[in-house]
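Side-chain atoms are counted along with the backbone in the values below, which use heavy atoms only and exclude waters and symmetry mates.
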Amino acid sequence: MAAAGSLERSFVELSGTERERPRRFREFTVCGVGTTNPVAGTVKYSESAGGFFYVESGKLLSVTRNRFIHWKISADILELVEESLDLNLLNNAVRLKFQNCNILPGGIYVSETQNHVIILILTNQTVHRLLLPHPSRMYRSELVIESQMQSIFTDIGKVDFRDPCNYQLIPTVPGLCPNSTTSAAWLSSDGEALFALPSASGGIFVLKLPPHDISGIVSVVELKQSSVMQRLLTGWMPTAIRGDQGPSDRALSLAVHCVEHDAFIFALCQDHKLRMWSYKDQMCLMIADMLEYVPVNKDLRLTAGTGHKLRLAYSPSMGLYLGIYMHAPKRGQETLIDFALTSTDIWALWHDVENQTIVKYINFEHNVAGQWNPVFMQPLPEEEIVIRDDQDPREMYLRSLFTPGRFINAALCKALQIFCRGTERNLDLSWSELKKEVTLAVESELQGSVTEYEFSREAFRNLQQEFWCKFYACCLQYQEALSQPLALHLNPHTNMVCLLKKGYLSFLVPSSLVDHLYLLSDENLVTEDETTISDDVDVAQDVVCLIKCLRLIGESVTMDMSVMMEMSCYNLQSPEKAAEQILEDLITNDVENVMEDICSKLQEIRNPVHAIGLLIREMDYETEVEMEKGFNSAQPLNVRMNLSQLYGSSSAGCIVCRGVYRIASTRFLICRDLLILQQLLMRLGDAVILGAGQLFQAQQDLLHRTAPLLLSYYLIKWGSQCLATDVPVDTLESNLQHLSVLELTDSGTLMTNKFVSSPQTIVELFFQEVARKQIISHLFSQPKAPLNQTGLNWPEIIIAVTNYLLQLLWPSNPGCLFLECLMGNCQYVQLQDYIQLLHPWCQVNVGSCRFMLGRCYLVTGEGQKALECFCQAASEVGKEEFLDRLIRSEDGDIVSSPRLQYYDKVLRLLDVVGLPELVIQLATSAITEAGDDWKSQATLRTCIFKHHLDLGHNSQAYEALTQIPDSSRQLDCLRQLVVVLCERSQLQDLVEFPYVNLHNEVVAIIESRARAVDLMTHNYYELLYAFHIYRHNYRKAGTVMFEYGMRLGREVRTLRGLEKQGNCYLAAINCLRLIRPEYAWIVQPASGAVYDRPGASPKRNHDGECTAAPTNRQIEILELEDLEKECSLARIRLTLAQHDPSAVAVAGSSSAEEMVALLVQAGLFDTAISLCQTFKLPLTPVFEGLAFKCIKLQFGGEAAQAEAWAWLAANQLFSVITTKESSATDEAWRLLSTYLDRYKVQNNLYHHCVINKLLSHGVPLPNWLINSYKFPLSATAPMVWLPYSSIDQLLQALGENSANSHNIALSQKILDKLEDYQQKVDKATRDLLYRRNL
């Protein structure tokens, strides 16, 4: 179809604020100093409204872009609101109450200077000037990057409303009209504030306030008609000069146009004349009779005018435009509420006789036919809700009340307040809170009206429906009241048109051509310019006839038929069959012969197939070109950031998405009617209508193209009414973690820190979070002009944004950003419903949809369904953009096939979510895909092993381990299996696994672990012992336990460690005894327990150099006898530790010789002798130690005697003395005597060492010792005996101090004497022996 931006089309009304909370107005009272209380009977002004757009609101890079102020006046109340379509403004609403004064209708005028926004206010008694900071002066930087910021009204509380410089009473001058409803105000070029009011005599009073920053006096000037008249404009002739001016000259509407240092004041008066004054010259420059420009009768000329309105518009290129509305009572069915004028258009707001709102506009530059273009207003909600027997009244009424786009929050709050009169309720409620309050209120009223205890189900249902219907009617009443329009608000800089209503603000946006034709009334459709449809007149006429047929069908479709089609779409049934059924019903119930009219219209279509195809193509948003993501990097950063805020406010999002909903709703009806029409064409089957050979094409092609189109629009319409769910922060963080595993966190579809004042639909969420920035970047990626010179044209840009948003939402387009946005923002219920509605008929992005549906099932806990969806999505990998992005690795390296990369991502997701069973199933399925790729095989089988192990499936984990083709990974898994099963104490499984071709590796792992961890905490040695015993490898088992015992002695210096050491040696002995004697030996474990462990750091010397490992260590073989000795030594260690706990620290690793010393020291002489006999050691240390203890006891006190009984009791004495009381000393000497008698050796070695010990300490030898020593001597034994006296000690001392020559001499002298003495003793001894032998 032909399309051009300048073509005139109809507009539609969109409301973007229905779900916002009622505005929080900050209230201020303006005290009227000097004002008087209103007198009874004073004129009451009707409510009015107005607005102001900043001069640079249409500039793309301006701070005030898309920013405006609007207000509502009601008696003495002024409500001011600042809005922005780019940012959410804070503190942007104020309510001013003027004491004793009523604000004049339209008595608000806003101007802006470089530094200030100035609001001029006129009441019936006062004038006011409010100075507020200009937005460009409120921010330090021109670069606005926040999503919300302060309004210019933020600091209005600091304004002094009684400042005489900005506040003035209107003086009571003669001739001032007391009940005037018109006024004007403006700022002069010098900053003066001027207020114009009509005088009763036909002139104009002008009150002037000096500039706010210059002191001055207030002045009042009355402009009267001058006696000198001049022609100003062609065709405007001055009238005759009159003397007195009657009341018919009074101005009804005023307007001001400022030029340089003057201001021209235009007044439309009761006498139907337009007058123009120069404020500078203070004279009337022109009078023009407006009745000369309109066809009027005599009555109108003789009647004083009422309701006339005047508007001005200025174009720098074309000059000044004046728009004048001449009200003619009793003429016409419509009442003008307001109209607006631009240099090209006139917009008018009307009420018809039924009080319905009508808005029209006309382009007076191009529209030569004088045809006004309609605006399709947003309809009020239906008056009655039809509820079927199978539906719950409460559910249906709540759905109707809270479906987006029907009722505004304020209407529901007011209805709730009335419905619950007498009950205090907080009405500052969010959308969801309000829904709860409404439900509670209606149900409470219902319960309060019940007087009987028992109700039939039908009676209760009727009562329930009655109360809900009552509340619904109340809401409808307030919705209608708040929807009453007050004024048009037109931005000449952007051509944006708004409708200011009592309760909210709505926006007017252009209709698309198809919607325009379908919604247009019959009379307008007849006069539609066919060239706007197609350059081919025949085609255009066919399309118009086709549209008429569709409209006839649409008007005939009943509510039930409409519901049938919607339910067929929702229930995933065939729309074609629903259309066929509707056609059947239409034919059956056709009492007005509509079908005949349609058939006759069809006869006028020359080529219906072409016309239908043209209509379908116009409504189809399918495109294969994906919109680029992100802003053009070539643009400066400040430009990109500025553009990123464009249409970023919640209000703009609502408007755009309401526009999408409006288009989808209209197109759904068009497609529905088109389907019905095609079913009619198929039923007719007349070649005359269809054309020869076109039946099959119509049936197979057009019908199958229309059905997906209808379903697409249904899906978009559904999404535009489906509210998004509030998501807790912890859920968002968890979701972010899951998406980070998928590496989707940079896709731009995640929730940001946003400011939202009302609940969003999922389409609004998508627009705000993802689509908006992409659309804006696409629109301005290649601007036709420099961006700082680019102006915003609202009709063009809203159409472009809406169309691009529809492209992004279109189900059959390649990208699936909408679904990804829902997934990224945790809207899983909505995402699941959307995919269910999409799945049966849309074959685009099938894999992506299955994947996201799988994510939904994961969140809802349906893991098996999720796995099924993930597996189904695998077949589409490599075919869809989302799945391609999903498998794209961060480093860009492709290590395996795309499908295996996909499986890897899903496996990681399932792992993070914590579903090991599903990981195992998916990995098992993926193995077949891996084929000969051994690396992928290893990865997958490792994954299977890991999760089987986590689940405690030990056998399955072992089986998976044995199938890992990568030996390195296999070894890692084997190590993990050993560690985990040990930690779980599942040692039987660990021991009994066969370990085919892995036996040595298992042993090495367990040995390594045994040598690396704490001996008393982990039992790896015992595990290894059991491992070898289970396999009848007794020698290795014995070796393990012997090493275990050795390490216990060295490292565990506790009684428990010594006990375990003994048990270990016993176990080792038992192992060797199970072997044939010739094989009953083991290799001595490495001394010092230094083992090479994987990952251990190298040993270094004090210089930091690595020390070389010893290479010449001699291998020692230990036989059974050696182990028995070690076992005996271990038992003796334990005995010592039990007797003397302080010896535990040194006993564990002591040798046999060291143990003898320790035992002697502890007094365990029996044990020491046993140890010496076992290891074939001399008993000398035992006798010396016992002799020393005897010496200590003999010279010790009572304490030593008491302590001695403890160790004496540990040694066994075979004889008991009963004749006298025995002391500890006696018992010690007796023990020594017993040992000397029991353990005799050649040459009385032990006697010698005892005697030597006694004599060295100067202790006289006991008689029993002398006798014992003498008795066994043979005849030939030498009887040499030399007491060990002080002489020997003296010689030793002299020898140690041989450095002194005197000591040497003395020592030699003593030695000589001793030599002489010994010779004499020897001679005496020989003589004695000789005499005995005689």
Side-chain angles (χ1 to χ4, degrees), residues 941 945 948-949 952-964 967-1013 1015 1017-1048 1060-1086 1089 1091-1094 1115-1120 1122-1124 1126-1127:
R941 294 193 184 277
F945 160 79
H948 270 312
L949 188 61
H953 303 162
N954 299 342
S955 299
Q956 294 90 327
Y958 171 76
E959 183 180 354
L961 181 149
T962 60
Q963 297 174 354
I964 297 175
S967 58
S968 175
R969 287 198 180 205
Q970 189 179 49
L971 189 60
D972 291 340
C973 292
L974 185 61
R975 187 175 295 108
Q976 187 178 2
L977 178 71
V978 171
V979 172
V980 171
L981 292 188
C982 285
E983 290 175 350
R984 295 178 185 165
S985 300
Q986 296 174 330
L987 304 180
Q988 184 172 356
D989 286 347
L990 186 58
V991 168
E992 294 179 356
F993 287 142
Y995 301 110
V996 178
N997 299 324
L998 293 172
H999 182 275
N1000 294 336
E1001 287 80 359
V1002 175
V1003 172
I1005 290 170
I1006 301 177
E1007 284 181 350
S1008 175
R1009 295 293 298 177
R1011 293 165 181 168
V1013 299
L1015 291 175
T1017 305
H1018 302 277
N1019 55 357
Y1020 285 105
Y1021 278 108
E1022 295 175 7
L1023 168 65
L1024 193 56
Y1025 169 75
F1027 183 88
H1028 290 311
I1029 290 293
Y1030 183 77
R1031 287 159 177 77
H1032 307 292
N1033 195 338
Y1034 300 116
R1035 180 187 292 166
K1036 285 191 175 181
T1039 303
V1040 166
M1041 294 312 288
F1042 187 76
E1043 180 183 321
Y1044 189 18
M1046 287 178 58
R1047 288 192 59 199
L1048 284 169
K1060 288 181 71 70
Q1061 185 185 43
N1063 294 335
C1064 290
Y1065 288 153
L1066 284 173
I1069 291 170
N1070 288 338
C1071 289
L1072 291 188
R1073 283 176 177 168
L1074 294 173
I1075 307 174
R1076 287 162 52 186
E1078 60 268 29
Y1079 298 111
W1081 55 268
I1082 63 173
V1083 176
Q1084 168 79 34
Y1091 305 101
D1092 292 331
R1093 298 194 300 270
I1115 296 177
E1116 292 185 49
I1117 302 299
L1118 301 178
E1119 297 182 346
L1120 184 59
D1122 300 322
L1123 265 64
E1124 289 172 342
E1126 287 295 329
C1127 184

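A donor-acceptor pair is defined here as one N or O able to donate and one able to accept, closer than 3.5 Å; such a pair exists between the side chain of Q1061 and the backbone of G1045. Remark: side-chain polar atoms of R1047 are paired, donor with acceptor, to backbone N or O of A1010 under 3.5 angstrom. Side-chain atoms of S1008 never come within 3.5 Å of backbone atoms of A1004 as a donor-acceptor pair (strictly under, hydrogens ignored). No donor-acceptor distance shorter than 3.5 angstrom exists from the side chain of R1035 to the backbone of I1082, with no hydrogens or angles considered.
A cation-pi geometry, defined here as NZ or CZ lying under 6.0 Å from the six-membered ring centre and within 45° of its normal, holds between R1031 and F1027.
Taking the side chain to side chain donor-acceptor pair (under 3.5 Å) definition, one finds that E1007 meets it with nothing, sequence neighbours left out. With sequence neighbours left out, H953 forms a side chain to side chain contact (heavy atoms under 4.5 Å, CB included) with H948, L951, Q956. Residues satisfying the side chain to side chain donor-acceptor pair (under 3.5 Å) test with K1036, not counting sequence neighbours, are none. Not a single side chain to side chain donor-acceptor pair (under 3.5 Å) links E959 to another residue, sequence neighbours left out. By the side chain to side chain donor-acceptor pair (under 3.5 Å) test, D972 is found to be paired with R975, residues two or more places apart in sequence or in another chain being considered.
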Identify all side-chain donor-acceptor contacts of residues 1068-1080 below 3.5 Å with residues at least two apart in sequence or on another chain.
| from | atom 1 | to | atom 2 | distance (Å) |
| --- | --- | --- | --- | --- |
| N1070 | ND2 | L1066 | O | 3.4 |
| R1073 | NH2 | E1124 | OE2 | 2.8 |
| R1076 | NE | E1078 | OE2 | 3.0 |
| R1076 | NH2 | E1078 | OE2 | 2.7 |

Pairs of donor and acceptor atoms involving the side chains of residues 979-996, under 3.5 Å and at least two apart or interchain, shall be tabulated with distances.
| from | atom 1 | to | atom 2 | distance (Å) |
| --- | --- | --- | --- | --- |
| R984 | NH1 | L949 | O | 2.8 |
| R984 | NH2 | L949 | O | 2.5 |
| Q986 | OE1 | N954 | ND2 | 2.9 |
| Q988 | NE2 | E992 | OE2 | 3.0 |
| D989 | OD2 | N954 | ND2 | 2.9 |
| Y995 | OH | L990 | O | 2.6 |

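Between N997 and T962 there is no side-chain heavy-atom pair separated by less than 4.5 Å. Counting heavy atoms from C-beta outward, V1083 and L1118 have side chains that stay 4.5 Å or more apart. When side chains are defined from C-beta on, R1011 counts as touching E1043, because their heavy atoms get closer than 4.5 Å. Residues L998 and Q970 have side chains in contact (heavy-atom distance under 4.5 Å, counting atoms from C-beta outward). Contact annotation: the side chain of Y1044 approaches that of L1015 to within less than 4.5 Å [non-hydrogen atoms, C-beta and beyond].
Within the structure, no pair that satisfies the salt bridge (Lys or Arg N to Asp or Glu O under 4.0 Å) test touches residues 994-1005, not counting sequence neighbours.
Neither side chain, Y1030 nor H1028, offers a donor N or O lying under 3.5 Å from an acceptor on the other.
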